[in-house]
Number of protein chains: 2
Amino acid sequence: MHTMRKRRSTISDVAKLAGVSIATVSRVVNGTAPVAQETVDRVQDAIAALGYTPHAAARKLAGRETGTLGVLLPEVAAEFFFPLVRGIAEEVRNAGYDLLIHVASSGLESSLSTPLGEHNTDGLLIFTGRLTDEEITRLYQAGFPIVLLYRSPPDALAIPYVMFENKRGARELIEHVITVHGRRRIAFLRGPEGNEDSEWRERGYREALERHNIPFDGDLVGMGGFDADIARETIESWIMEGLDFDAVFAGDDEAAMGVMAALRSAGKRVPDDVAVLGFDDINSAKLMAPPLTTVRAPIEAAAAGAAQALLAQINGQQPPHQLRYPTEVVIRQSCGCP
Amino acid sequence: MHTMRKRRSTISDVAKLAGVSIATVSRVVNGTAPVAQETVDRVQDAIAALGYTPHAAARKLAGRETGTLGVLLPEVAAEFFFPLVRGIAEEVRNAGYDLLIHVASSGLESSLSTPLGEHNTDGLLIFTGRLTDEEITRLYQAGFPIVLLYRSPPDALAIPYVMFENKRGARELIEHVITVHGRRRIAFLRGPEGNEDSEWRERGYREALERHNIPFDGDLVGMGGFDADIARETIESWIMEGLDFDAVFAGDDEAAMGVMAALRSAGKRVPDDVAVLGFDDINSAKLMAPPLTTVRAPIEAAAAGAAQALLAQINGQQPPHQLRYPTEVVIRQSCGCP
DNA sequence: ACGTTTTCTGAAAGCGCTTTCATCATAACA
DNA sequence: TGTTATGATGAAAGCGCTTTCAGAAAACGT
């Protein structure tokens, strides 16, 4: 049996059945001009009878917009990604757009097959180093609407971008374990290479140390990659080496989970022997053992904000150049608090 | 400053610059017919000079295919979702298609604004109860390529679908805690209403009980929703009620995480007092405290398989009607094993 | 050298839809 | 009652691209 494909019905089919012109059908479908009630009914009956749905591509071609927004994501991995997409999807749908999500493969095809250019979408939400600076610059200069997610624009271009108050959140978090729990050998796990969130968090970490006269120790900084497995390995090797530390700021919550696992299997108690600190406050943070002290980043809200900024840009409005979202320390038990 | 949008260059611009016809440009872009090397060079120079990119919509309109596949997802939630999308995205990209992801809002707009119909895509991967049976039936009857993810087709239509060996996996898992750890008061947490995976897992659970002459007790079945928070609440209320159980099969790993958290804060030890069992073997399963005994479901592979089936269908081939992926019990410590 | 393929290229016809522009009725106005 | 808004509709021009269809040029065969 082969799939015999019915020809999909077009606007002309509807027009014919309803005994009107295609222009009229278009009008009742889009409500772009007054149409007599009787005609409307006739057309709608025809549409129902034929099971007609407008062909998206044709629509896009005729109008000027594509009706879809794109999101460029790095290799899908983080739990972090959920609220992000949820926030964007919500906003985008409400505005009547479609969401085209592109997930980077292994980076091999950087600029080769970037199939999603300015043509498939009306605008782009670009997550972290997914596109090269040149490409971003090119899009910007072509007047293509884009919003950067968690990274600032290259060459100080006036591209809107969303950011969290990473530095402040990190600083407050570290100060908490210093002042309240008296920790002084605090390790930090960096996120992926070139990640701006990570850079700012590191700055916050250093600032906290400085404020309390704790000398910065490069040995206490390692790779976390915002990834549980990477973080775990780092901690495991530190323990093997006998590195001394009484707290670790994992960079993000996922990494924190890996840190806890490593500590646990090495027989170290959290938080008694080592305090563990995360960042983001993902859903599972409160479910960890012990519940994770972290910094809440309003990921979903930020994502929604980014989407709004993009939509605004598309509608010719002037979006804010930077959207900075506040963060808030969330004290649970992994820091030592009861 | 308002965003002054440069007119994007079209195929005619390129043709003019290169001094050829648009047909020729189309040919060199698509490699659909032999073109003299010299001409090719000239056209490519023009393309580069103009920064030309084909307009997707126009392309789709002209050709017959839209070049994009759609995935319909329920309200984004699960970690489970990652490998899923990764598997699909990989496969889809390799085939040169785009991936359009639609995330359900709150279900309100079920059939109202399903903007992604047969028109925006060449085929659809449909996740769990996102579309009504009628709609699926309609698409199927229109000969539109679809593949169902983790649900079987309505009315036994010949729509390809992917499934895991849920029942077998669940049965083996339960039998493990019965035979090896002597548990007899084993609770089960159901997934979302109507979820087929959950139904099969429950069947496996019951089968295991039967085989070991443990009478089924309805009190030991509760809501898990494949969600940590829901599962947690269920367990908390059970503990409040004083319900007696020595193991809980959470339905999936996310729920298991919630179960563990509930148990922990109630002062129960896992696995000593209560064994906890999951399903899926998501990445964080091995990081839980204690590491979770679960059933590994090859989510990514299954997703890739689904994508392949869809692609096959689109290319006029006959895909298998059912793709059933094997599951495998993964013993860690939450069951009581050392 | 002449007929026959093979290469290469352009003209032109759509793909399905939105949108002026123009045309009529009608209804509102003086 | 003549004139002017106003409401409803159709004809037709594209949107940017792919793809026959055909012709011109070059390569081949004998």
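Worth knowing before you read on, the calculation uses all heavy atoms, side chains too, and leaves out hydrogens, waters and symmetry mates. Each chain gets a letter, A, B and so on, in the order the sequences are listed, and its residues count up from 1. For clarity, every value in this text was computed on a predicted model and none was experimentally measured.
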Specify the separation, in whole Å, of atom CZ of B:Arg59 and atom P of D:dT18.
5 Å
Winner on side-chain proximity to A:Ala62, out of C:dC17, C:dC8, D:dT18, is C:dC17
Can you tell me if the side-chain N/O atoms of B:Thr24 get under 4.0 Å from OP1 or OP2 in C:dT9?
no
Rounded to the nearest angstrom, tell me the gap between atom NE2 in A:His55 and atom C1' in C:dT18.
14 Å
So if I take every side-chain heavy atom of A:Ala36 and compare against D:dA8, C:dC17, D:dT19, which nucleotide ends up nearest?
D:dA8
Measure the acute angle between the ring planes of B:Phe164 and B:Tyr150, then classify it against the limits of 30° and 60° as parallel, tilted or perpendicular.
parallel
Send over the distance from A:Asp13 CG to C:dC17 P, rounded to a whole Å.
9 Å
Would you mind reading off the distance between B:Ile22 atom CD1 and D:dG16 atom P, rounded to a whole angstrom?
11 Å
Whole-Å distance, A:Ile11 CD1 to D:dA12 C1', equals 14 Å
Criterion side-chain contact (heavy atoms from CB on, under 4.5 Å) on A:Val92 and A:Leu310, from CA distance to verdict
CA-CA 9 Å; A:Val92 166; A:Leu310 184 58; over 6 Å; no
How is B:Val25 classified with respect to the nucleic acid when contacts are heavy atoms under 4.0 Å: base, sugar-phosphate, or nothing?
nothing
What does A:Ala23 touch in the nucleic acid at a heavy-atom separation under 4.0 angstrom: a base, only the sugar-phosphate, or nothing?
base
From C-beta outward on A:Tyr52, which listed nucleotide comes closest to its side chain: C:dC17, D:dA11, C:dC15?
C:dC17
Using whole Å, report how far CZ of A:Arg42 lies from C1' of D:dG10.
13 Å
Can you tell me how far C1' of D:dT9 sits from CD of A:Gln37, to the nearest Å?
16 Å
According to a strict under-4.0 Å criterion, is B:Ser26 in side-chain N/O contact with OP1 or OP2 of D:dC17?
no
Nearest to the side chain of A:Leu61, which nucleotide is it out of D:dC15, D:dC17, C:dT9?
D:dC15
Suppose the criterion is salt bridge (charged side-chain N to carboxylate O under 4.0 Å, His left out): which pairs have a residue in residues 298-315 of chain B, not counting sequence neighbours?
B:Arg86-B:Glu300
Within the structure, does a side-chain N or O atom of B:Ser21 lie under 4.0 Å from either OP1 or OP2 of C:dG10?
yes
Does D:dT9 have OP1 or OP2 under 4.0 Å away from a side-chain N or O of A:Thr39?
yes
5'-most contact on DNA chain C: B:Ala33 or A:Arg27, nearest heavy atom basis?
B:Ala33
When the distance from CD of B:Glu38 to C1' of C:dT7 is rounded to whole Å, what number comes out?
14 Å
Any side-chain to backbone donor/acceptor pair from B:Gln313 onto B:Ile146? Under 3.5 Å, distance only.
yes
Report which part of the nucleic acid B:Val29 touches: base, sugar-phosphate, or nothing (heavy-atom distance under 4.0 Å, all strands).
nothing
Give a yes or no on whether the backbone of A:Thr10 and the side-chain of A:Asp13 come within a donor-acceptor separation of less than 3.5 Å.
yes
